[in-house]
Amino acid sequence: MWRAARIVPTAALTLLGLLFATFLIARVVPIDPVLAILGDRASPESYARVHAELGLDRPIYVQFARYLAGIAHLDFGRSALTHNLVTEDIGRFFPATIELATVATVLGVGFGIPAGVWASWRRGRAADHAIRMIGLFGYSVPVFWLGMMALLVFYVQLGWAAGPGQIDTGYEDFVPVTTGFLVIDAALAGDWAAFGNAVSHLVLPAAVLAYFSFAYISRLTRSFMLQELSQEYIVAARAKGLSERRVLWVHAFRNVRLPLITVIALSYASLLEGSVLTETVFSWPGIGQYITNSLLSIDMNAVLGGTLVVGVVFIALNLLADLLYRVLDPRAR
Amino acid sequence: MSMIGAWLASDTPSTYRQAVAGRFWRGTLGLRHQPMILTGTSIVLVFAVIAIAAPLIAPYSPTAQDLALNLRPPSAAHWLGTDELGRDILARLIWGARITLGIVALVSVITAPIGLILGCAAGYAGGWIEAALMRVTDVFLALPRLILALAFVAASGPGIENAVLAIAIVAWPPYARVARAETLALKHAEFIEAARLAGASPLRIVLRHILPLCLPSVIVRMSLDMAGVILTAAGLGFLGLGAQPPSPEWGAMIASGRQYMVDQWWVAAMPGIAIAAVSLAFNLLGDGMRDWLDPKQK
């Protein structure tokens, strides 16, 4: 357990790195923050006064310390676009992103692990090559393009799924907010029509994101499984006459579960990040769309607040993966 | 031909050049059994030729508008159709190959040296220099790349230069790690000891003896990363943060085709196919090379 505690300084350092990155990005903005407040025609005296009030005359490490203090109080400022506090906006938009990324990860794991196990079993055969190519294509195709094509085929042409957005406008605001996750809220309220509608909106973006998760998870499952299948205990299990299914799933797969937990956590983190482009295409009211909308109007408080929150969750999931591995694997103890 | 073949395949090369050429030749022969590497390399080469020869092979100018002929489906005159301003999509894709491959080349030229030098220096120096450099690398590796690149470009202003810079800033850490691992393995080799005894300075040892030997693994890692670079660049272009109009950047072309998607699907579909083809080629190449060079896979 104490070994696990060793990752705390790494975590702190990474977090500090993220904060420093966003701090620097905020300084790169070509807009003069003083002029943004005073306007172009400010007198030199009032310019100097506001310059000092904003702390811009202090050394950079003092400015960074002030910035950290603001973040520690969860003060990300106000969004220029929505006129709300950035923290409020994020609280409102984040559940939709979590909902999307979670469903996508569940799908990606549900299809990716069996595909990876199967590919390792059929190593070098057609099935293995096919799964590898499907995965490689997933690594190669732009997510926003795939989303648009999915909309074109399954929404416009076939009408199998609902279009952009999280729910039809007819149901909007009628689902009582309990957890913030629309699908769960609708089910809790017993509003099955709204639930069905929300699910049919969720299917396409979740499937598109799940494809990327599938590509990643199936590939790593295969390579972990191959390592296990070359071990002597597998030969012994086969020699005992155990069924292939038992050898694969009971003997080999048990030893693969642990590294897979790490992989799943990493894939979840990258889906949170990847949702930025997906949400834009599907008009999904999550934090990704919030960030991109703010990007285009150079609403830097919102952009940096969103970046920080996604970044912190991303780092936390990375660390969680590391931690789980260290705690659960007796060899790493 | 056969004479050249015999010269190349000779077991007893008489010159250094012949030995090098022979080794290269045998390596190339080995590639015959590596369909992934061959396919990937061929597609990348085809796109490279297209990019270089764009003015010669593009059927139209990438910016020539013909509003009377806008949003036409693929036809004999316009093989891939025309966009909302009546520009030929094929011509724009051909010129766009220059931008995409140019971004890939620029990012590699910026990140590979940084990664190599930091990694080799860290590995060779050891001690606190290594600890500090590798900590910085780890921090960069743990940061969310796409989102930081987005925020950086949004802050510094949209444009292709800033997009390249943003991608480069987040893309170098893997190379530093690979270079350090290689350096650690080489550091105590006898030829390095010999160079040190001969009085070579640490700078000379790192630059002349260690760094060139780290190149192969860095190149493999780079070809695996190229698809990610292409996709990030396309994503930035899609959001309007990369190359600006009327530049025929593929991601930006998808974005402008988005509003015509229901009735004129080809405007958005074609550039996406081009992006997928190039990144798939780099992925095939990288994946194939990794399998080929990895002794565990054999």
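First the proteins, then the strands, lettered A, B, ... as listed; each starts at 1.
- Ranked by non-hydrogen atom pairs under 4.5 Å with chain B, the options L13(A), N318(A), V276(A) are led by L13(A).
- When every heavy atom of A171(B) is checked against every heavy atom of P173(B), the shortest pair comes out as C-CD, 3.3 Å.
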Problem - side-chain contact (heavy atoms from CB on, under 4.5 Å) evaluation trace for Y175(B) with R221(B) - result: CA-CA 7 Å; Y175(B) 310 135; R221(B) 177 70 217 214; 3.7 Å; yes
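- Aromatic rings of W172(B) and F140(B) (six-membered ring for Trp) have centroids within the 6.0 Å cut-off, being under it.
- Taken from CH2 in W265(B) to CD in Q157(A), the straight-line distance is 10.0 Å, to the nearest 0.5 Å.
- For I291(A), the part lying under 4.5 angstrom from a heavy atom of chain B is the side chain only.
- Across I169(B), V278(B), D138(B), V139(B), the residue that shares the most heavy-atom pairs under 4.5 angstrom with chain A is V139(B).
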Practice task
Please step through side-chain contact (heavy atoms from CB on, under 4.5 Å) for the pair Y216(A) and Y139(A), ending with a clear verdict.
Solution key: CA-CA 8 Å; Y216(A) 184 60; Y139(A) 275 104; 3.3 Å; yes
Practice task
Show the numbers, then the answer: is there a side-chain contact (heavy atoms from CB on, under 4.5 Å) between R123(A) and R222(A)?
Solution key: CA-CA 9 Å; R123(A) 185 185 180 185; R222(A) 174 184 180 272; 4.1 Å; yes
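- In this structure, chain B has no heavy atom under 4.5 Å from any part of V143(A).
- Between chain B and the residues V141(A), I315(A), L295(A), the largest count of heavy-atom pairs under 4.5 Å involves L295(A).
- Annotation: maximal heavy-atom pairing with chain B below 4.5 Å, among L18(A), V303(A), L15(A), occurs at L18(A).
- For T292(A), the part sitting under 4.5 Å from any heavy atom of chain B is the side chain, from C-beta outward, and nothing else.
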Exercise for the section: Given side-chain contact (heavy atoms from CB on, under 4.5 Å), test L231(B) with I275(B) step by step and report yes or no. Expected result: CA-CA 8 Å; L231(B) 293 180; I275(B) 297 173; 3.9 Å; yes
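- The residue among L16(A), T307(A), V156(A), V310(A) with the most heavy atom pairs within less than 4.5 Å of chain B is T307(A).
- Of the two parts of I273(B), the backbone and the side chain both hold a non-hydrogen atom closer than 4.5 Å to a non-hydrogen atom of chain A.
- The choice from A227(B), A268(B), A269(B), G240(B) that makes the most heavy-atom pairs within less than 4.5 Å of chain A is A269(B).
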